[in-house]
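So the structure is just underneath, and the comments pick up after that.
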Amino acid sequence: MGRYVYLFGGGKADGDGTQKELLGGKGAGLAEMTRLGIPVPPGFTISTEVAVDYAVRGAEYGLRDEIRSEVRAALVTVESLMKRKLGGAERPLLVSVRSGARASMPGMLDTVLNLGINDDVARTLAKETGNERFAFDAYRRFIMMYSDIVLHVPRAKFEEHLDTVRYDVATKRGLAASQWNKEELKRRLPDSEIPASELQKLIAVYKDVVTRETGKPFPTDPELQLWGAIRAVFESWNNARAKTYRKMHGIPETWGTACNVQAMVFGNLGDDSATGVAFSRDPSTGENRFFGEWLPNAQGEDVVAGIRTPLPLRREAEGAAGSEPDASLEGKMPEAFQQLVEIRNRLEKHFRDMQDIEFTIQQNQLFLLQCRNGKRTARAAVRMAVEMVGEGLIDRKEAILRVEPSSIDQLLHPALDPKAEKTLLARGLPASPGAVSGEVVFSAEDAERRSGQGIGVILVRVETSPEDVAGMKAALGVLTARGGMTSHAAVVARGMGKCCVAGCSAISVDYDEQVMLITIYADDGTKKDTRRVKAGDVITLDGSSGSVYLGRVPTAPAALSEEFAELMEWADDARKMRVRANADTPLDARTARNFGAEGIGLCRTEHMFFDGARIPAMWEMILATTRLSREKALEKLLPFQRADFIGIFREMKGLPVTIRLLDPPLHEFMPHESAQLEKLALDTKTPIDELKKRSVELHEFNPMLGHRGCRLAVTYPEIYEMQVRAILEAACEVAKEGLDVLPEIMIPLVISRPELDRMKDLVDRIAARVFAEKGCRVPYLFGTMIELPRAALLAGDLAEGAEFFSFGTNDLTQATMGLSRDDAGKFLPVYVEQGLLATDPFQSLDVAGVGALVRHACEKSRAVRSSMKLGVCGEHGGDPASIRFFHEQKLAYVSCSPFRVPIARLAAAQAALSTVASDATA
Ligand code: PEP
Ligand code: MG
């Protein structure tokens with residue numbers, strides 16, 4: 001470690017915007033803004049290296065002396081820039097001590113504001129500002145925040161006293177306080193209405209609380225306060241909610257947070273002061289318009305915490321849901337607004353991305369407290385990326401790399417059916433798009449519990465806090481009564497891609513009674529009705545419009561934007577691999593094509609047999625004891641199968657369709673319930689005992705390693721014969737209609753060359769027969785899945801007998817790792833949680849192990865047959881990290897479920913672009 005502390009202030013900064021790893025996102029942003037000459041209160045950043053060192057040494061050893069002396073020196077510089085002194089008898093300096101990791105973790109890590117106050121400082125501040133209320137309020141807040149974060153005295157211990165004071169003041173003022181619950185009282189008598197004399201008394205009470213709870217008086221020495229806060233910020237990296245957040249977002253545990261100490265500026269010094277949060281473009285829709293919220297006479301946390309419903313920045317947005325008329329910053333403080341707009345423009349040009357900005361106006365003077373690349377919905381990410389190319393800010397390559405492939409899942413999901421009948425309950429802010437219905441729950445624990453029981457829930461809270469994150473994750477959607485578009489609920493839900501309606505002020509939540517009361521307004525704004533919605537009642541949220549409906553409302557498919565289509569076109573130009581879909585029906589095939597699939601990589605034929613009229617014929621086939629009776633049953637299945645293939649070939653006209661012959665063990669098709677078994681006995685005129693006997697015969701101890709895949713066709717070749725006939729008869733029929741058909745017949749679970757050759761003979765024999773009968777020939781390919789380690793190891797030999805391979809990485813993972821696909825759910829999450837496996841290998845390919853087999857098979861098969869067509873059809877075909885690996889192996893295509901096709905197209909493009917970039921720098 002060289003230096004520990006990086007100063008910024010007075011137009012100069014030791015660090016800059018590129019140093020996110022060292023200074024954290026916040027520290028790097030503050031340094032860069034300072035360098036750009038944007039007004040930023042001076043301060044310094046203690047680097048993430050210090051945090052790591054502190055964690056490694058152990059908290060009991062505290063901060064190293066060298067670090068303390070650098071901090072002291074930096075503080076002296078800040079004091080001279082501010083012409084104030086920490087703990088000074090005149091012009092005292094107050095500082096904020098904030099966390100700031102490399103990646104944004106909103107609200108997860110700790111922050112202490114107003115640090116540096118004690119009794120003397122509070123009195124000096126009151127005199128200096130001429131505002132006693134301000135000074136004592138700052139002091140009160142500081143004691144509460146510091147005690148909570150540094151001394152670990154729960155906030156509730158202080159809040160109960162504040163509530164009592166609030167109640168007394170309300171009563172004295174003749175407000176009928178007893179009718180209201182705590183939340184309502186807070187709304188009617190906000191903190192700013194509590195007089196200075198009461199705050200002073202409250203401070204004394206708070207100090208007693210601290211002495212009682214910790215056995216020591218509250219620290220009065222500002223320097224001691226500072227050391228305590230710095231250590232607490234570093235330690236907050238390891239709080240439970242931060243750990244959960246990191247796990248969800250794949251942020252490494254080892255990073256640690258930087259710590260920013262910065263001179264305080266105050267947005268709560270009167271009506272010429274304010275605070276706010278802004279996005280340089282709309283983070284929800286991506287529209288290029290300045291978007292934000294502010295509150296006059298308030299401290300920063302008030303906007304984000306959702307205690308008061310914030311006001312719009314621009315005049316244009318006045319009167320929108322949740323805001324009052326004539327309340328915009330543009331209208332109320334036009335000069336500061338203009339200056340903010342100019343800064344917004346400069347920051348966007350400079351960072352070439354949408355910025356999330358925090359600002360404070362202290363007595364008409366504007367300060368920026370933070371800027372970073374803003375979080376956005378997938379819809380907004382796509383629109384911004386495409387529009388920024390149009391504006392010349394970025395190029396197409398950068399646009400493609402800016403959109404997180406897995407996030408576009410959000411765009412592909414249904415919205416409310418516009419034609420559906422619905423009962424509107426209330427309207428809030430459209431905080432995060434999507435449409436969901438679910439049962440109401442009022443706590444994060446209930447959300448987790450109910451969703452664990454398989455019930456879709458909507459988490460309803462007055463406002464959310466970081467403690468609610470696990471519940472938000474478990475819920476389908478989130479509804480809050482308070483808070484704006486930048487509230488915790490809105491930001492976190494958007495990051496999760498979860499539907500959220502925030503700041504729905506018509507609802508009043510009663511946690512004790514487990515109900516919410518909703519005031520229904522008539523068109524003229526008068527109160528029409530009140531409705532009660534209890535826990536367990538079903539509601540529907542529309543996160544795109546901010547509407548809340550009673551009951552379940554049907555949804556309609558997603559409509560994709562023009563920008564999305566454009567970005568996808570760019571991605572298609574950039575990628576090297578093709579993207580196919582796993583589709584088993586003509587309908588799936590159509591969906592896949594609409595999403596841009598360039599063929600079918602896996603058509604699992606067994607799914608075709610589970611359907612209504614087919615399953616009895618399937619049962620008959622399974623129960624058959626002679627080849628003849630089996631063939632009779634298969635004859636009944638043939639027309640169904642042929643019709644399915646005709647439908648699929650028509651949908652996929654001109655594109656390749658890989659059809660896998662029957663794979664699962666036959667017992668999977670047998671009825672399990674006794675009613676079904678009785679019906680089968682009746683239909684097939686077979687005694688029920690005989691059926692049960694057959695079921696027992698079919699039972700296997702390890703069905704996944706048993707009589708399945710091509711092993712079925714070794715013992716019952718007539719099954720595959722029927723399937724090959726159905727495929728090629730269908731192909732001939734569709735070819736006769738003038739459409740191109742490209743069937744690829746794929747054999748599952750092959751482990752040896754003789755086995756493969758046997759299957760090839762079967763396929764070619766039936767093909768010759770069908771073509772002779774039909775007087776028509778269609779080209780077809782013969783290939784196999786590589787889904788067992790032996791097949792991968794002997795790929796060179798197998799390649800001599802096959803024209804293509806498709807890696808079945810589901811089975812390949814199962815067999816290579818010895819992990820049962822069906823049972824691993826019981827312990828795999830523990831492995832991932834404890835770091836024994838980096839990720840679930842069924843979701844993201846185990847590159848080191850399974851990947852080594854894939855690599856080996858690619859090399860060996862290409863050595864034998866240079867034209868070998870190689871693809872993948874396991875679930876990994878839709879996983880961005882795995883797609884990168886497949887790109888590196890130069891596979892011809894990946895195949896995934898239809899809804900993941902766009903994700904795969906984008907991920908394949910990103911893989912191609914970033915490989916080019918790393919090749920260039922190598
Ligand atoms: C596989 O094993 O990867 C595969 C695609 O086949 P299935 O999932 O049907 O076993
Ligand atoms: Mg398989």
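Predicted model only: the values in this text are computed from it and were never measured.
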Does a side-chain N-to-carboxylate-O contact under 4.0 Å join [X] and [Y]?
| X | Y | result |
| --- | --- | --- |
| Glu569 | Arg396 | no |
| Glu316 | Arg289 | no |
| Arg593 | Glu651 | no |
| Arg604 | Asp588 | no |

Is any side-chain heavy atom of [Y] closer than 4.5 Å to one of [X]?
| X | Y | result |
| --- | --- | --- |
| Met577 | Ile883 | yes |
| Glu348 | Met388 | yes |
| Arg383 | Ser561 | no |
| Lys422 | Asp542 | no |
| Leu109 | Tyr245 | no |
| Val854 | Leu812 | yes |
| His887 | Gln910 | no |
| Arg575 | Asp572 | yes |

Crowded around [X] [atom1]? As in, over 12 foreign heavy atoms under 6.0 Å?
| X | atom1 | result |
| --- | --- | --- |
| Arg314 | CZ | yes |
| Glu21 | CD | no |
| Glu562 | CD | no |

When you measure from the side chain of [X] to the backbone N and O of [Y], does any donor-acceptor pair fall under 3.5 Å?
| X | Y | value |
| --- | --- | --- |
| Thr48 | Leu22 | yes |
| Thr464 | Ala489 | yes |
| Asn239 | Ala242 | yes |
| Glu32 | Gly29 | no |
| Ser547 | Arg427 | no |
| Asp110 | Ser99 | no |
| Glu463 | Thr480 | no |
| Glu598 | Val579 | yes |
| His876 | Pro841 | yes |

query = To the nearest 0.5 Å, what is the distance between CG (Leu560) and CG (Leu411)?
reply =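 If we round to the nearest 0.5 Å, Leu560:CG and Leu411:CG are 6.5 Å apart.
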message = If the test is salt bridge (charged side-chain N to carboxylate O under 4.0 Å, His left out), which one of Lys375, Arg376, Arg281 qualifies with Asp353?
response = Arg376
request  = Go through the side-chain N and O atoms of Asp879 and Ser844 and say whether any donor and acceptor fall under 3.5 Å apart.
outcome  =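 Side chains of Asp879 and Ser844: pair found under 3.5 Å.
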